[in-house]
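Beneath this line is the structure, given in structure tokens, with notes to follow.
Below, read A as the first sequence line, B as the second, and so on, with proteins coming before strands; counting in each chain starts at 1. The basis for the numbers below is simple: all heavy atoms, side chains too, and nothing from hydrogens, waters or symmetry mates.
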Amino acid sequence: MRIVTARRASQVFFVVAFLWFCTAATLGERPWQLRGWPVNWLLELDPLVGIATLLSTRTLYAGLFWGLATVALTLLLGRVFCGWICPFGAMHQFIGWLGRRSRKLPAQLEMNRFRPAQAVKYYVLIFFLAACVLLPREWMSSGSLQIGLLDPLPLAHRSVNLILLPLADRAGLGLAPLPRFYEGAGLIGGVFLCALFLNLWIPRFYCRFICPLGALLGVLSRWALWRVARTEEGCTDCRRCERSCEGACAPTAKIRISECVMCLNCLDECRHDAITYRTQPSAAGEALLPDLSRRGFVVSAVSGLLAAPVLRLDGTSGPNWYAGLIRPPGALAEEDFLARCIKCGQCMRVCPTNVIHPAGLEGGIEGVWTPKLNFRVGTSGCQHTCIACGHLCPTAAIRPVSLDERLGRSGFAGRGPLRIGTAFVDRGRCLPWAMDKPCIVCQENCPVSPKAIFTREVFNPVRTSVALTVKGTDRGRLLLAADALEGGRFGTGDYHALLPGGRRLRIAAHTAAELELERPLAAAEAPPPGSPVSVQVRLQQPYVDPKLCIGCGVCEHECPVLGRRAIRVTAENESRSERHRMVL
Amino acid sequence: MAPDPLLNRREFMGRAARAGAALLAAGGIAFLTHDPSGPQPASEELAASGLPDFSLPEAGRKMCIARGADRLRTLPLALQALGGIETFIRKGDRVLIKVNAAFASPPLLSATTHPELVSELTRLCLKAGAAAVHVADNPINDPASCFALTGIGQAARSAGAEVVLPEERFFHPLTLPDAHLIKNWPVLLDPLVRATKLIGLAPLKDHHRSGASMVMKNWYGLLGGRRNIFHQDIQTIIAELARMVKPTLVVLDGTTTMVSNGPTGGSLADLKDTRTLILGTDQVAVDAYGATLLGKTAADLPFIAKAEALGAGSADYRALSPIEVSA
């Protein structure tokens, strides 16, 4: 078997595995849904996730030790991860091949020549790694883990989770019973499409110029035991090998080891067996490390180190926190959260109710594409008996809390349930408060016991055009002096007649001038003719008890005031931050 | 600068022909797509109503009150008292069981139909020769989570029924003739029109807005869209639902009743052991009796009188001489 056939088989395998893991990150009971499938495995294999979180937290969380395997593989064999495993790389390679296959040899050579700008990805890497270093507390900052913006595996997961799968679902894949929405999908999709389409001009554009993981593996591959090399004899300088060189590493000249993605096309292309994979250096010489300027290195490292302290001067993770940013249950306090979240979108994918969304600028620039809750979208609010997101989070930015901890049961009874925010009634929009309309959908749907939303009963006079006067009674019915009432409107069970003396009886049915009350009026209690009577609506006005409210947002989701809900959850009183505490 | 060479005849004809064809095509497209009046306001036409009548006149108006804590014993016993499941389900029937799976909460909290009733009723229907049993609801919380956490999905499937998750394509607008509220409203029609028999299987619960959630309120789960606006006139919508749905049989489960914090409950403290299962063909009568288990009377619940006035049944359950049995 040709070596490139083996490589293609490996790439197909990992792309299929990747798509499968994304698909399987669905909560449910069917075999294809979450059943211990290693849906985070590719993210964990990504050593950049491991190293970056190690720098920002000084710990290596759970499955992230898998990154060691990739490091070992690279130290031994070079950037095999890029050429054989990385699903994003495989997509780039395929599209790049589409763009180059019908070109003539000189054009292909031009596309695949080494460009000095390939050094950019090393500066990207240095900047992001410097930004996530955990600095001393006096510096006002823990690390800011921004690597997920460009790290290929979080980027690919985010793009497939939030763009491709919802699109495929709308086209009839049938993964989710209701179509899924994700805020700001345009930008995520735009970045994804740009990254893919750039390959039509320069193959593996992303891998060559941007990819920080490729840069990391490129640096590690300087110690690789085996490398691609040009042999001493046989090369005719025909440069056929370079026309399909994925890394643009110039295998016939002084080969740039850090750029070689181990596609091994050169071995396959060469008709003179002049390219080989061996332990001795290439006969034409080797460049082990990228050409980085000292200036560029210092600039990217210093600006990276300054990034977190500077970004946090705006106070979004401090006193200027945005109340509309609701984090998923189990999310760490904001600074610790930002030191871990890689923006991979796994929590958004697995959320059964589609309430977890990629944030825009709610959490500042650092918070872009981190998870936030949007209760207007989705099948319901955040289900208070669900703990899926924390159990999927590959970096524990959302802790894997137990159901007992979330609900505040057994060992956690003393602390009470996890709160992600507090609901506030907007009395200017709430139907019973502002419009004299009975409603209390929010109270009905409040899932905690006793309910955090309670009501107080009031009776408000309805707007009638004329004052009502009693004419008399007839078989226990109340007769009015004039045809004053709109037909049938007050017979819903919510309206009452207020009789002289303060007696209030529910209106069961009525016509324009005749009221049938909940029970026939006895002769003794019949109001004298000429006495005034008024119609009142019984309203239950909702209040929130902040001690009981967990911020689940079910009320906000169900509120019939659809545009801007009349009850809304904001982050006050969330458990993850003592500083956001609202009540004693 | 040299003057342009003259256009020869062939080139001129060719160019003129292409320009003419382009003009013709543009004109044709403009003619075919021309809309002189612009968009019109949305049509006021009401969707046709199309809910089958599932009631069995020959079964008569019957009711049974079965006492006992074990649903697996009270349900067959009550059915026996009403003449056996065969009275309602015939060979080849396609049965739809409308459960209450509104919330993603465990059966222990009694906010939803108990899974034991789902499996036992399914088993009995299949034993009576039903060709298929479907279990449906359009829950308030996430549908998949609801059917999973309530245990209803598992119970239905293990007994041989099929669970219908409310997909958008199953809903169609329906208009109830002369109704105030159910006009052009999306209803979970697909499973209903495919069924030949309909059984309502509801838990007995406190309900802050309407007073009680029982058999008639359970039909709320057939509505789609932003049905929450009906809470502004909850009594009328329940009565209209009762008029819209003519079930074969209804089952009201008061084995454990949620007496407070309804309709979600959430705590065992909200529940009361009432050890009663009510079966009947008259949904108004069954609810009227159910009210007593909540410590209320039919008069406290305006939707009962409204439903009666709309001809959905009779609030005077005593007139049905309910059969009382004990397990």
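A:Leu505 has its side chain out of reach of A:Leu515: every pair of non-hydrogen atoms, C-beta onward, lies at least 4.5 Å apart. Using a 4.5 Å heavy-atom threshold, the side chains of A:Ser380 and A:Cys552 count as separate.
Using a 4.5 Å cut-off between heavy atoms, A:Arg506 touches chain B through its side chain atoms alone. Only the side chain of A:Leu562 comes within contact range of chain B, judged by heavy atoms closer than 4.5 Å. Heavy atoms closer than 4.5 Å to chain A are found nowhere in B:Arg169, neither backbone nor side chain. Interface remark: A:Asn445 contributes backbone and side-chain atoms alike to the contact with chain B (heavy atom separation under 4.5 Å). With a threshold of 4.5 angstrom between heavy atoms, B:Leu149 approaches chain A through side-chain atoms but not through N, CA, C or O. Interface remark: A:Cys386 contributes no atoms to any contact with chain B (heavy atom separation under 4.5 Å). Looking at A:Glu444, both its backbone and its side chain come within 4.5 Å of chain B, counting heavy atoms on both sides. At a 4.5 Å heavy-atom cutoff, the contact between B:Asp270 and chain A is made by side-chain atoms alone. Only the backbone of B:Ala299 comes within less than 4.5 Å of a heavy atom of chain A; no side-chain atom from C-beta onward does.
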Item to complete: Output, in order, the C-alpha distance, side-chain angles, deciding distance and verdict of side-chain hydrogen bond (donor to acceptor under 3.5 Å, both in side chains) for A:Ser402 and A:Asp404.
Response: CA-CA 5 Å; A:Ser402 66; A:Asp404 280 344; 5.3 Å; no
Discussion item. Working note: B:Asn100 + B:Thr113, criterion side-chain hydrogen bond (donor to acceptor under 3.5 Å, both in side chains); need CA distance, chi angles, decisive distance, verdict.
Written reply: CA-CA 5 Å; B:Asn100 181 338; B:Thr113 299; 5.6 Å; no
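At a threshold of 4.0 Å, the pair B:Arg209-A:Asp494 counts as salt-bridged, since one of the basic side-chain nitrogens sits closer than that to a carboxylate oxygen. Ion pair A:Glu556/A:Arg568 not flagged as a salt bridge, since none of the NZ, NE, NH1 or NH2 atoms sits closer than 4.0 Å to an Asp/Glu carboxylate oxygen.
By the 6.0 Å contact criterion, CZ on A:Arg30 is open, its count of non-hydrogen atoms from other residues, nucleotides or ligands being 12 or less.
Between chain A and the residues B:Glu167, B:His207, B:Glu168, the most heavy-atom pairs under 4.5 angstrom are made by B:His207. Interface check for chain B: of the options A:Thr353, A:Leu431, A:Asn354, A:Thr492, the most heavy-atom pairs under 4.5 Å are formed by A:Thr492. Between chain B and the residues A:Leu407, A:Thr455, A:Val554, the most heavy-atom pairs under 4.5 angstrom are made by A:Thr455. Ranked by heavy-atom pairs shorter than 4.5 Å toward chain A, the options B:His208, B:Gln235, B:His180 are led by B:His208. Between chain A and the options B:Ile229, B:Leu109, B:Asn141, heavy-atom pairs under 4.5 Å are most frequent for B:Asn141.
Contact annotation for residues 436-443 of chain A against chain B (heavy-atom separation below 4.5 Å, listed by residue number): A:Lys437, A:Pro438, A:Cys439, A:Ile440, A:Val441, A:Gln443.
With values rounded to the nearest 0.5 angstrom, A:Cys555 atom SG is found 11.0 Å from A:Lys451 atom NZ. Taken to the nearest 0.5 Å, the CD atom of B:Gln154 stands 10.0 Å off from the OG atom of B:Ser119.
Between A:Phe375 and A:His557, the ring centre distance reaches or exceeds 6.0 Å.
The closest side-chain donor-acceptor pair between B:Thr274 and B:Thr257 falls under 3.5 angstrom.
A cation-pi contact, defined as under 6.0 Å to the ring centre and within 45° of the axis, links A:Arg456 to A:Tyr543. With a 6.0 Å cutoff to the six-membered ring centre and a 45° limit on the axis angle, B:Arg243 does not count as a cation-pi contact of B:Phe303.
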